[in-house]
Amino acid sequence: MRVRVLAFARIREIVGSAERTVELAEGGTAGRVWDDLVREFPQLGEIERSTRLARNGALVEREAALHDGDELAFMPPFGGG
Amino acid sequence: MRVRVLAFARIREIVGSAERTVELAEGGTAGRVWDDLVREFPQLGEIERSTRLARNGALVEREAALHDGDELAFMPPFGGG
Amino acid sequence: MKYEITREPLDLEPLIEAVRSDACGAIVAFLGVVRELGDGDQPVDGLSYEAYPEMALPEMRAIGAEASRKFGEARVAIVHRIGDLRLGEASVAVAVAAPHRGVAFDACEYAMDELKARVSIWKKEHFRSGEARWRPNAAPGV
Amino acid sequence: MKYEITREPLDLEPLIEAVRSDACGAIVAFLGVVRELGDGDQPVDGLSYEAYPEMALPEMRAIGAEASRKFGEARVAIVHRIGDLRLGEASVAVAVAAPHRGVAFDACEYAMDELKARVSIWKKEHFRSGEARWRPNAAPGV
C-alpha cells in the first residue's frame, strides 16, 4: 500500500521535503513509517520523544494501523500563537 | 462665599439644571449645600443615601469644608462601561 | 497612553496603535457595546451616557497607571463615549499591550472593573416601550 | 463564526464584525504580535510560521465551539497568519463576543491557551544574530 507522509517544521527541514509517498506492506503501522524515516535520517532520533503522529488529520499512537491512501503527518511540538 | 454646584444624571434631572452657583456662609460644608438642595427638591431625599459628593473633582464626605470658588458635584452611583 | 471622553463613535485601531511597542507580544482589547437586553432585561433601543469629565479623565488615567503597575509593564488606553448611542454601538474601548498575554488579559479586565466602579460616568437606558431609566453599575463582585 | 489560516496581514475589524450580535454587550479581542525579545530572550528580527491547515483549521473550530459551550453564548472567531512576519506584525487574532464581559474575557483566554497547546502550527524564530530556531510553546501551566 501507499501512504502519503507529511513532515513539518524541524522534521521537514531534516528530511528535506514537506511531503513524500512511501510504499509499505499491509499491516504497517504509523510507528513503522517513523522508524524507517529515522533510519534514513538519524538526526530525527534526537527529537523522537517529542514528535507527534497524525493519521488523516487526527493524532494517533505509533501502533495505529495504516491503510492505502492514508495521510500520515510527523509533527514537532506546536508553536502557534 | 460662592460655590459652583454640579448635578449629574438623575440628580440633574430632578434639579432641572446641570449647574448653579450658590451663596453660603463661611464655614459651610458640602453636606449643608446638599441639605439645602433636598429642601428645595424633596424628591432628592429618595436617593440621598446613594449620592456621592465631590469637591474640586475629589470625593469628599458631607463634613468637608467649602471655600470660595469651590466646585461641588452631586453624583448618583456610576454607570459607565 | 491615550485617555479620552468623546462624543464620536469609537475606533479600536488608534487605541491599539497607542499601546503597541516592540516589547509587547500580546494586545488585548475590550469593547463595551449597547445590547438589546440591557442589565434590566427589558428590550433597549439605545443608551445615553453623561460624564463629569474633569473627574472621570484623571480617574481613567489613574486606573491605567495602576493596571500598569500591578500587571508589570502593561500599556493601557481607555476611551469612553458619551451622548446618545444606538444598539450595537460601542460605549467604551480599552486596549492593553504587554509582553505576555496573561498580564494583558488581567490588566484589561482590571481596567474595566475599576472603570465601572470608580469613573464618574452615568448611563440611561431607553427602553423600546418609550420609558427610560438611569442604570447604575452593579456593586463590585455582584 | 470565522476561522482562517492566511498569509495576509491580520485585521481585527472583520473578526469583530463576524462575532458581534444584538445580544452581546462585550467584545474581547486578542492579538499576538511579534516582539523583539522572543520566548528565548534573544533579540528577534522576525518569525516564520508554518501550519498543517487540514488539521489546524478543524481544531481551531473545535476550540471555538468548546469556548462557546463552556462560557455560555460566547461567539468566537480565530485567524492565524503563516509565512514570514516582521517585528510588530500580528500572528494570531481572536475575537469573542458575549452578553457579559467576564464570559468574553474567559472565552478569549481559553481559546488562546488551547490554540497554543492543540493547533498544528509551528514557529521559527529568526534572531538578529542571523541564527534561527524552531520554538515550541511552553507546556500548559508553565
Side-chain angles (χ1 to χ4, degrees), chain C residues 10-13 15-17 19-39 41 43-45 47 73 85-113 115-116 123 137-138 141-142, chain D residues 10-13 15-17 19-39 41 43-45 47 73 85-113 115-116 123 137-138 141-142:
Chain C
L10 301 186
D11 188 2
L12 215 43
E13 269 326 302
L15 259 75
I16 289 178
E17 286 312 312
V19 298
R20 62 157 71 243
S21 92
D22 283 354
C24 292
I27 296 173
V28 172
F30 176 84
L31 279 179
V33 172
V34 179
R35 71 189 190 106
E36 198 164 30
L37 290 180
D39 297 338
D41 288 338
V44 154
D45 255 351
L47 300 179
E73 297 180 64
L85 279 72
R86 285 161 307 172
L87 210 62
E89 291 192 302
S91 53
V92 60
V94 178
V96 175
H100 298 285
R101 73 186 185 287
V103 168
F105 277 110
D106 288 348
C108 190
E109 205 164 359
Y110 175 85
M112 274 307 302
D113 290 347
L115 181 145
K116 291 207 154 217
K123 166 176 59 216
N137 290 328
V142 175
Chain D
L10 301 187
D11 188 1
L12 215 43
E13 270 323 304
L15 258 75
I16 288 176
E17 286 311 312
V19 297
R20 62 158 71 242
S21 91
D22 283 354
C24 292
I27 295 173
V28 172
F30 176 84
L31 279 179
V33 172
V34 180
R35 71 190 189 105
E36 197 164 31
L37 290 180
D39 297 337
D41 288 338
V44 154
D45 255 350
L47 300 179
E73 297 179 61
L85 278 73
R86 285 161 306 172
L87 211 61
E89 291 192 301
S91 55
V92 61
V94 178
V96 174
H100 298 286
R101 72 185 187 286
V103 168
F105 277 110
D106 288 348
C108 191
E109 205 164 0
Y110 174 85
M112 274 307 303
D113 289 348
L115 181 146
K116 292 209 156 217
K123 166 175 58 216
N137 290 329
V142 175

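Reminder, nothing fancy here: chain letters follow the sequence lines and each chain counts from 1. The basis for the numbers below is simple: all heavy atoms, side chains too, and nothing from hydrogens, waters or symmetry mates. This structure is a prediction, so every number in the text was calculated from the model and none was measured.
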Between D/Gly102, D/Ala97, D/Cys108, which has the largest tally of heavy atom pairs under 4.5 Å with chain C? D/Cys108

Residues at least two apart in sequence or cross-chain that pass side chain to side chain donor-acceptor pair (under 3.5 Å) with D/Asp113, listed by chain then number, are C/Arg101

Can you tell me how the ring of D/Phe105 sits relative to the ring of C/Phe105, calling it parallel under 30°, perpendicular over 60° and tilted otherwise? perpendicular

How far does CG of C/Leu12 sit from CD1 of D/Ile16, to the nearest 0.5 angstrom? 5.0 Å

For D/Glu17, check side-chain contact (heavy atoms from CB on, under 4.5 Å) against everything at least two apart and list the hits. D/Glu13, D/Arg20

Assert top hit (heavy-atom pairs under 4.5 Å, partner chain D, pool C/Leu31, C/Val34, C/Val96) equals C/Leu31

Please look at C/Ala23 and chain D and tell me whether the side chain, the backbone, both or neither of the residue comes under 4.5 angstrom of a heavy atom of that chain. backbone

By residue number, those in residues 87-95 of chain C with heavy atoms under 4.5 Å from heavy atoms of chain D are C/Leu87, C/Gly88

Sequence-distant partners of C/Asp45, salt bridge (charged side-chain N to carboxylate O under 4.0 Å, His left out), two or more places apart: C/Arg128

